[in-house]
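Let me begin by presenting the structure, written as structure tokens, before commenting on it.
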Amino acid sequence: MDEGSSLMAEAITPRSQDFSQWYTDVVQRAGLADYTPVRGCMVIKPYGYALWENIQKALDQRFKATGHENAYFPLFIPHSFIEKEAGHVEGFSPQLAIVTHGGGEKLDEPLVVRPTSEAIIGHLYSKWIKSYRDLPVLINQWCNVVRWEMRTRLFLRTMEFLWQEGHTAHATYEEAEEEARRMLSIYADFAEKEAAIPVIQGRKSESEKFPGAFMTYTIEAMMGDRKALQSATSHNLGQNFAKAFDIQYLDQSNQLQHCWTTSWGLSTRVVGAIVMAHGDDQGLILPPRLAPIQVVIVPIHKNEDEKAQVMAVVEQIKVLLGEAIRFRVDDREGYTAGWKFNEWELRGVPLRIEIGPKDVAKEQVVLARRDVPGKEGKRFIPQAELAREVPKLLEMIQQELFERAQKFREEHTHEPKSYEEFKSAVEDGFALAFWCGDAACEKAIQEETKATNRCVPLDQSNAKSSSGKCIRCGKPANEKAIFARAY
RNA sequence: CGGAGAGUAGCGCAGAGGCUAGCGCGCUUGGUUUGGGACCAAGAGGUCGCCGGUUCAAAUCCGGCCUCUCCGACCA
């Protein structure tokens with residue numbers, strides 16, 4: 001076949017050549033999502049949805065383990081509710097989708113399609129909470145939300161997206177703060193253990209925080225193009241929403257008190273994070289713990305005789321892998337083995353088992369690691385060892401993906417000593433630098449470098465020793481912040 | 001929402017006023033194949049993004065709209 005034509009028709013844009021295009025290609029070609037006729041709204045295809053379901057499982061389990069329950073609140077919110085909290089309405093009004101008609105008639109009061117549910121949930125909490133004995137309330141919901149967006153990208157920013165939003169109410173500031181921090185650490189744990197993405201836990205600046213929040217916490221991750229992606233957030237809402245929605249309780253001394261509330265969310269955006277944190281020129285690389293298919297078995301045979309032999313061994317392998325491993329046998333006819341290899345690599349399956357006549361004869365299989373391309377990632381192992389080796393190898397891949405991402409982030413995180421160094425640092429990745437806390441300084445940095453303040457890391461062990469001067473204005477500073485170009 | 005580009009078969013593209021709109025890949029059927037994107041043969045598949053206008057004649061020219069991509073401003 002002459003070069004090119006058939007190969008080129010299959011190829012995705014190389015990551016190094018055009019990261020954005022690579023991302024868009026991979027998401028579609030791997031079967032995660034597709035466009036729809038509605039601007040900014042995507043369809044999450046079965047493979048992408050299976051990935052999301054695994055994300056849900058991993059998170060939901062953590063939420064339940066920390067005492068939270070799931071519930072469901074309505075999609076429509078009376079417009080007036082959104083307006084009750086000043087910061088909230090200001091922040092969200094440009095992004096609202098508003099229903100003005102229903103049943104063929106103009107509505108007396110327009111309904112907002114929820115951009116988030118603080119307002120409606122606040123209203124209900126005020127009904128449900130009367131006494132300190134009712135607290136804390138720890139509820140989560142899995143749902144869709146709508147935010148009108150100017151510029152959209154698959155998973156990263158769509159007008160409608162799926163997420164979970166936790167909403168809790170507490171008796172004291174300290175409890176709410178503890179809750180917000182606990183959920184942040186749960187997100188961090190999820191990101192690192194399940195998605196194999198190292199994250200920085202931090203506090204958002206005044207200008208970056210959630211509309212209506214007292215304090216916003218974030219986990220920030222570095223993508224393969226060295227840009228930052230906020231992967232989840234957790235808010236200590238103080239008493240802002242409690243006051244706006246009259247969420248009050250009688251304390252033990254019969255005094256009426258406002259609650260302290262929190263909210264926290266993680267969206268389908270993390271699917272994009274997984275794509276961009278781990279993928280390569282061949283396509284997706286999924287972390288084994290979240291991969292819809294952890295192991296793909298590719299039988300190889302030339303004739304019916306061989307097929308019978310190979311498939312008999314495949315049956316044995318299926319038993320060896322057992323219930324715990326998510327595997328698929330790719331026994332499709334009419335595709336060559338090589339074609340299948342490429343296909344499953346594009347789709348990011350962490351581990352491949354190749355089994356052909358030669359392996360049957362030697363009672364072995366070929367194990368190929370997705371994260372280690374080519375021959376280097378292949379090894380022969382005796383069939384008898386599969387039950388032991390496969391889980392071990394999946395665990396190893398999980399760990400090494402994390403370590404690779406962490407090393408990458410470290411290599412592209414700098415601690416500039418001057419503003420000049422700072423400028424080149426944010427060209428390369430993250431800059432960790434003293435910042436005076438002034439919003440004007442933050443804004444100037446953004447205008448001058450295109451880098452935004454991602455967060456003030458909770459872990460300031462880096463900052464303790466040095467005396468602090470703001471990287472831009474030189475005024476005294478007692479904290480370091482992460483600056484980076486961001487999604 | 002501003003700037004730039006794109007939309008012709010499932011995908012990638014050619015056609016730039018004139019006969020029945022092509023090519024590659026993919027798809028279907030049959031056969032040979034399968035250890036890194038196989039091959040042969042025969043087929044199927046199109047209101048040229050949508051609406052309107054100009055013209056004897058529009059995929060092609062003009063206007064409006066829709067969607068996508070990239071770059072900005074805003075955001076999970």
Side-chain angles (χ1 to χ4, degrees), chain A residues 1-2 4-13 18-21 23-25 28-29 34-42 91-96 115-116 145-165 187 204 207-211 216 218-221 229-235 263-273 282 298-304 306-307 310 330-346 352 354-360 365-366 368 373-375 377-378 380 446-447 450 452 486-487:
Chain A
M1 142 185 51
D2 52 20
S5 55
S6 83
L7 279 173
M8 289 311 287
E10 301 288 339
I12 53 176
T13 308
D18 183 344
F19 194 87
S20 290
Q21 195 57 52
Y23 174 80
T24 306
D25 286 356
Q28 291 176 93
R29 293 279 308 285
D34 204 352
Y35 294 103
T36 65
V38 186
R39 185 180 81 81
C41 295
M42 65 174 180
F92 278 112
S93 54
Q95 288 192 282
L96 296 179
T116 177
V145 289
V146 169
R147 299 181 185 179
W148 215 259
E149 297 288 350
M150 292 303 132
R151 189 177 165 199
T152 61
R153 302 195 59 194
L154 296 170
F155 289 111
L156 301 176
R157 189 178 301 106
T158 46
M159 299 220 298
E160 179 189 9
F161 58 94
L162 304 185
W163 76 345
Q164 56 68 220
E165 49 178 326
Y187 287 142
K204 281 293 190 187
S207 53
E208 296 270 342
K209 78 177 191 195
F210 176 76
T216 290
T218 176
I219 52 171
E220 296 285 330
L229 183 78
Q230 177 177 317
S231 306
T233 54
S234 172
H235 317 290
S263 67
W264 25 275
L266 178 146
S267 74
T268 38
R269 175 181 256 197
V270 295
V271 173
Q282 305 308 309
V298 181
I300 301 156
H301 41 74
K302 288 191 175 68
N303 50 52
E304 286 303 314
E306 286 183 358
K307 182 177 171 184
V310 168
D330 186 354
D331 56 0
R332 289 176 294 177
E333 304 280 347
Y335 294 92
T336 64
W339 192 91
K340 292 176 180 177
F341 296 167
N342 283 283
E343 166 93 349
W344 293 112
E345 283 170 8
L346 167 64
R352 181 177 66 240
E354 303 169 16
I355 168 94
K358 294 177 214 161
D359 305 306
V360 171
V365 298
V366 175
K375 278 227 159 66
K378 282 195 185 191
F380 297 98
Q446 179 172 0
E447 281 164 5
K450 289 180 179 169
T452 53
Y487 278 96

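Below, each value reflects all heavy atoms present in this structure, side chains not excepted, and no hydrogens, waters or symmetry copies. Letters A, B, ... are given to chains in the order of the sequence lines, protein chains preceding strands, and every chain is numbered from 1. What you see is a predicted model; the values in this text were computed from it and never measured.
Ring centers of A:Phe92 and A:Phe210: under 6.0 Å apart, within the cut-off.
Residue-level contact check: A:Gly265 touches neither bases nor backbone, having no heavy atom under 4.0 Å from any strand. Looking at heavy-atom distances under 4.0 Å, A:Thr158 makes contact with a base. If you check every strand for non-hydrogen atoms under 4.0 Å, A:Lys340 touches nothing.
When the C1' atom is used for both B:C39 and B:A76, the distance is 50 Å, rounded to whole Å. On the C1' atoms, B:C11 is 29 Å away from B:G3, given to the nearest whole Å. Across the C1' atoms, B:A9 and B:C25 are found 12 Å apart, a figure rounded to whole Å. Comparing B:G10 with B:U28, their C1' atoms sit 13 Å apart, to the nearest whole Å. Look at the P atom in both B:G7 and B:C62: the space between them is 14 Å, to the nearest Å.
Mapping A:Val360 and A:Gln230 onto RNA chain B via the closest heavy atom, the residue that lands nearer the 5' end is A:Val360. Toward the 5' end of RNA chain B, the nearer of the two residues A:Phe341 and A:Lys450, judged by each one's closest nucleotide, is A:Phe341.
For the pair A:His301 NE2 and B:U32 P, the interatomic distance rounds to 15 Å; values are reported in whole Å. For A:Gln28 and B:C68, the CD to C1' distance is 9 Å, given to the nearest whole Å. The distance between atom CZ of A:Arg39 and atom C1' of B:C65, rounded to the nearest whole Å, is 14 Å.
In this structure, A:Phe161 packs face-to-face on the six-membered ring of B:A76, meeting both the 5.5 Å centre cutoff and the 30° plane limit.
Screening A:Gln21, A:Gln28, A:Arg29 for a side-chain hydrogen bond (donor to acceptor under 3.5 Å, both in side chains) involving A:Asp25 leaves a single residue, A:Gln21.
The glycosidic torsion of B:A57 lies more than 90° away from 0, which places this base in the anti conformation.
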